[in-house]
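Please read the structure below before turning to the comments.
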Amino acid sequence: MDDSKPNPSGESGARRLLRLARVIGGWIIVVLIAGFLTGLVLGMREIIAHRYLSYGLYPLSLQILVEYWELAARRIAQFVFVFAALHAASTLAGPWIERGILRVGVVNRNRFAGFVLALLGGAFVFFRMTFVAVTGEAPSLRGPRSLFEALARLFEELAILDSASLLLVPAATGIAVFLLGGMIAGRLRAGDLVLLAGRLVTSRTAALCALASVLIFTGAFVFENRLVAAAIGKKNIIFISIDTLRARNLGCYGYGRDTSPRIDAFAERSVLFENAYTTWPKTTPAVASLMTGLYAHTNGVLRLAPFQYLRDDLLMLAEILRNSGYRTEGNIANGVIGIEANVHQGFDRFGEKMGTADNVTRGALWSIDRLADRREKNPFFYWVHYVDPHTTYDPPDSTDYFVGDRFYDPAERVRIEEGAFDLVPIEPGLSGYEENRRLHINRADLGCTGPGIIHEKNEILAHYVALYDAEIRYVDRHVGMVLDRLEERGLLENSIVVLWSDHGESLGEHNYYFRHGRFPYNVNLEVPLIVYDADQPARVVDHAISLLDVTPTLLDLAGIEHPTEFEGRSFAGEVRGEGSEPRDIFAESGYAVNYQKTLIRDNWKLIYIPDELDRTLMTGAEFELYDLAEDPDELVNVSALHPAVFAEMKTALLAWIATWEDDLVEKGVQDVDYSEAKMNELRALGYVD
């Protein structure tokens, strides 16, 4: 070989460029067709599973198709274009590289070029896949500056999310591309893989398919942009939810301790609902009912955490808002309402950050800044969920904040007697669900200290109440930080902000310690509900409201048509000050297959306990009637003292049950496939044994 010639192969530059164009064109067609078909199959599978077409959510269906198309095309292109780039570089630069290498005595120019190019290609794939995995978006690379900005954002978000495990897949892929690319570029000639690409680029059918996919994608993209543009001007919707927060332990609900100065200040300029009730005093059923506007017996999400999975065909608030042009994002700190339980339906971006409020707030502030800085000015729905003050009661700061204050009464003790929870036998042959239920009943529910253990042998009930209140004070500070950032970024004036809790907590009432879900008493059912709208004056609403009503209310306030029927009823009139007639509030609770049902009407509350085992844990009666005005702690069953009220409410409650009980199927008892890490987190929270 004459190494003095710049082109030892004798091939002209024009021919090399033409051959390179055929290679690139062929692989572009491969990516277009493969990405389109793959995205179509995957997208239609999700659309059918979620019944978007039957709900009339055509814009969302189109977004799903485009989303899967882009995802599939990116994944295919990440591999295809790396190899195409390697071959293109070899084709164009090979002769000059060979000439330089031979002159300095370096062996085998193909292997050397392949090594360098594969190294660059592998690094690029690793960076791009890592960026997509961590941020949920593709990096915008328009030059050196944008590359450095993308790197800075990646490092910042990795620090916020603590997601080092996400690097494994991109790293493995990058290494694989490096090794395979180096091998192919070093051992094969550029023309060896041109055949398929060359045939594809000259195939009329393939070219027409690629053109059709481009036209369809472009049309979908234009339609989606118009949808976003049509949503501009609507208000943002922001959820701040706090797990296991008793309304009665907040200052704005009359509590004596200064547990919630920031929430109290927020309530003073908002609409505060004095009597708000959850639909089920457990996290997943409560959230499912709020997000769907359906009772637990309808959406099938009920009873115990390991069996609470949201079906794909449930229409969620986030899906409705996304269909209307909203950007939808969430950050949650409780795994039972995470991705594995399928709660993330309809969210463009959904992050789980288990742990204390410090972790959640960092992610929330970053998300708020990013949402405020978006180029697209369509409205957004953002949800941040704190797990404090859920057990264990261990606030990171101010642990002894309320210990020993004037509300601290050392006289009342935690009444746990030896053997008091050996109530029912765990017999052979029980179903997995029933065995799990009985384990819950037999367990001493000292969730704030660990099962069956009194913290440092401290039996003073006030000690644990003080810890619980310190948890509220801790999360209140973080809620204030989120509200401050919303105000700093100018978002409050164009947003509806809803602060709510999924359920309360029993702090020894009815001999039920540091848990929730077993009973329907108001310490578990009552929740804070505060709605801020800059266009509405502050007020207090005193008649009963259900979390079931939140979704239809927000859609009314945002001016979005309901694509489905809700069992909840909008209280937009109360937010606007127009008034509304009081309504019956229904709730469900307990762990029995035939669980407890509750009706609240004005100041009266009727509980139906069909399960005999449940009755032994309560008063022993099948029905319990309470006068909440005279007996807010629900200590005296007055069904015999008020027979007319009892008869009227019993008829109403049984009539409500009769409308759905015959159709109730065990569709909600579906095992959730939690990861081992998630199971450990749920054990710490007391969800599983």
Side-chain angles (χ1 to χ4, degrees), residues 246-248 254 274-282 295-297 302-303 412 415 417 420-421 423-424 437 441 445 503-513 515-527 542-546 581-662 664:
R246 290 163 51 124
R248 60 181 64 188
E274 281 189 325
N275 296 291
Y277 294 91
T278 188
T279 53
W280 192 302
K282 294 292 284 185
Y295 287 106
H297 63 258
L302 62 170
R303 296 194 286 267
E412 190 170 0
R415 297 188 298 275
E417 301 174 2
F421 289 87
L423 300 176
V424 292
R437 176 205 175 196
I441 291 175
D445 280 339
H503 52 74
E505 181 82 322
S506 185
L507 300 176
E509 295 89 353
H510 300 272
N511 203 32
Y512 189 36
Y513 291 92
R515 290 287 184 196
H516 48 268
R518 181 180 295 175
F519 302 136
Y521 300 117
N522 277 1
V523 290
N524 286 176
L525 286 186
E526 286 179 334
V527 293
D542 60 2
H543 59 257
I545 293 294
S546 172
E581 294 182 3
R583 64 194 76 188
D584 286 347
I585 301 297
F586 295 99
E588 301 162 284
S589 58
Y591 303 140
V593 172
N594 195 4
Y595 50 82
Q596 308 144 16
K597 290 88 174 176
T598 298
L599 167 61
I600 299 170
R601 176 181 289 176
D602 299 324
N603 289 323
W604 296 99
K605 177 176 178 180
L606 180 67
I607 305 171
Y608 171 43
I609 309 105
D611 184 77
E612 291 185 8
L613 183 56
D614 277 355
R615 293 177 203 166
T616 65
L617 301 173
M618 299 170 72
T619 66
E622 184 180 14
F623 289 91
E624 297 178 7
L625 178 67
Y626 296 100
D627 181 351
L628 299 177
E630 299 295 329
D631 180 21
D633 293 326
E634 301 162 275
L635 299 177
V636 181
N637 181 359
V638 296
S639 55
L641 300 177
H642 299 276
V645 174
F646 173 64
E648 182 181 352
M649 292 190 67
K650 178 181 176 181
T651 299
L653 180 56
L654 294 180
W656 175 70
I657 296 170
T659 61
W660 54 263
E661 191 171 44
D662 290 342
L664 181 63

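Here the two rings, on Trp280 and Tyr595, have centers that are under 6.0 Å apart. In this structure, His642 has its ring center under 6.0 Å from that of Trp604. Ring centroids of Tyr295 and Trp656 are separated by less than 6.0 Å, placing the two rings close together.
Of all heavy-atom pairs spanning Pro610 and Arg615, the tightest one is O-NH2, 3.1 Å. The minimum heavy-atom distance linking Val638 with Asp627 is given by the pair CG2-N, 4.1 Å. The shortest heavy-atom contact between Ala621 and Ile609 is O-CD1, 3.6 Å. Summarising the geometry of Met618 relative to Glu624, their closest heavy-atom pair is CB-OE2, 3.4 Å, with the distance given to 0.1 Å. Among all heavy-atom pairs drawn from Phe519 and Gln596, the shortest one is CA-OE1, 3.8 Å. Nearest heavy atom pair, residue Ile585 against residue Ser546, reads CD1-N, 3.8 Å.
A 4.5 Å side-chain heavy-atom check between Met649 and Leu625 finds at least one atom pair inside the cut-off. The closest side-chain heavy-atom distance from Thr598 to Glu588 is not below 4.5 Å.
Rounding to the nearest 0.5 Å gives a distance of 12.0 Å between CG of Leu302 and OH of Tyr591. Asp614 CG to Tyr608 OH: the interatomic distance, rounded to the nearest 0.5 Å, is 11.5 Å. Remark: Ser589 OG to His516 NE2 distance equals 12.5 Å, nearest 0.5 Å. Between atom CG of residue Leu613 and atom CG of residue Asn594 there is a gap of 12.5 Å, rounded to the nearest 0.5 Å. One distance of note links CD1 of Ile607 with CG of Asn637; it measures 8.5 Å at 0.5 Å rounding. Going from atom CD of Glu634 over to atom OG1 of Thr619 covers 11.5 Å, rounded to the nearest 0.5 Å.
Under 4.0 Å is where a charged nitrogen must lie from a carboxylate oxygen, and between Glu526 and Arg248 at least one such pair does. Comment: Glu505 does not engage Arg515 in a salt bridge, judged by the lack of any side-chain N to carboxylate O separation of less than 4.0 angstrom.
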*Step by step, work out the side-chain contact (heavy atoms from CB on, under 4.5 Å) result for His503 and Asn524.*
CA-CA 6 Å; His503 52 74; Asn524 286 176; 5.8 Å; no

*List the steps, then state whether side-chain contact (heavy atoms from CB on, under 4.5 Å) holds for Leu606 with Tyr626.*
CA-CA 7 Å; Leu606 180 67; Tyr626 296 100; over 6 Å; no

*Evaluate the side-chain contact (heavy atoms from CB on, under 4.5 Å) criterion for residues Arg601 and Arg583: first the C-alpha distance (whole Å), next the side-chain angles of each, then the deciding distance (0.1 Å), finally the verdict.*
CA-CA 7 Å; Arg601 176 181 289 176; Arg583 64 194 76 188; over 6 Å; no

*asked:* Evaluate Leu507 against Arg246 for side-chain contact (heavy atoms from CB on, under 4.5 Å), listing each step before the verdict.
replied: CA-CA 10 Å; Leu507 300 176; Arg246 290 163 51 124; 3.6 Å; yes

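The backbone N or O of Glu509 sits less than 3.5 Å from a side-chain atom of Ser506, completing a donor-acceptor pair. Put simply, the side chain of Asp602 never gets that close to the backbone of Asp584: no donor and acceptor are under 3.5 Å apart. Between the side chain of Tyr521 and the backbone N or O of Leu525, no donor-acceptor pair lies under 3.5 Å. Remark: side-chain polar atoms of Asp611 are not paired, donor with acceptor, to backbone N or O of Ala592 under 3.5 angstrom.
Between Trp660 and His297, the ring-plane angle classifies as parallel under the 30° and 60° cut-offs.
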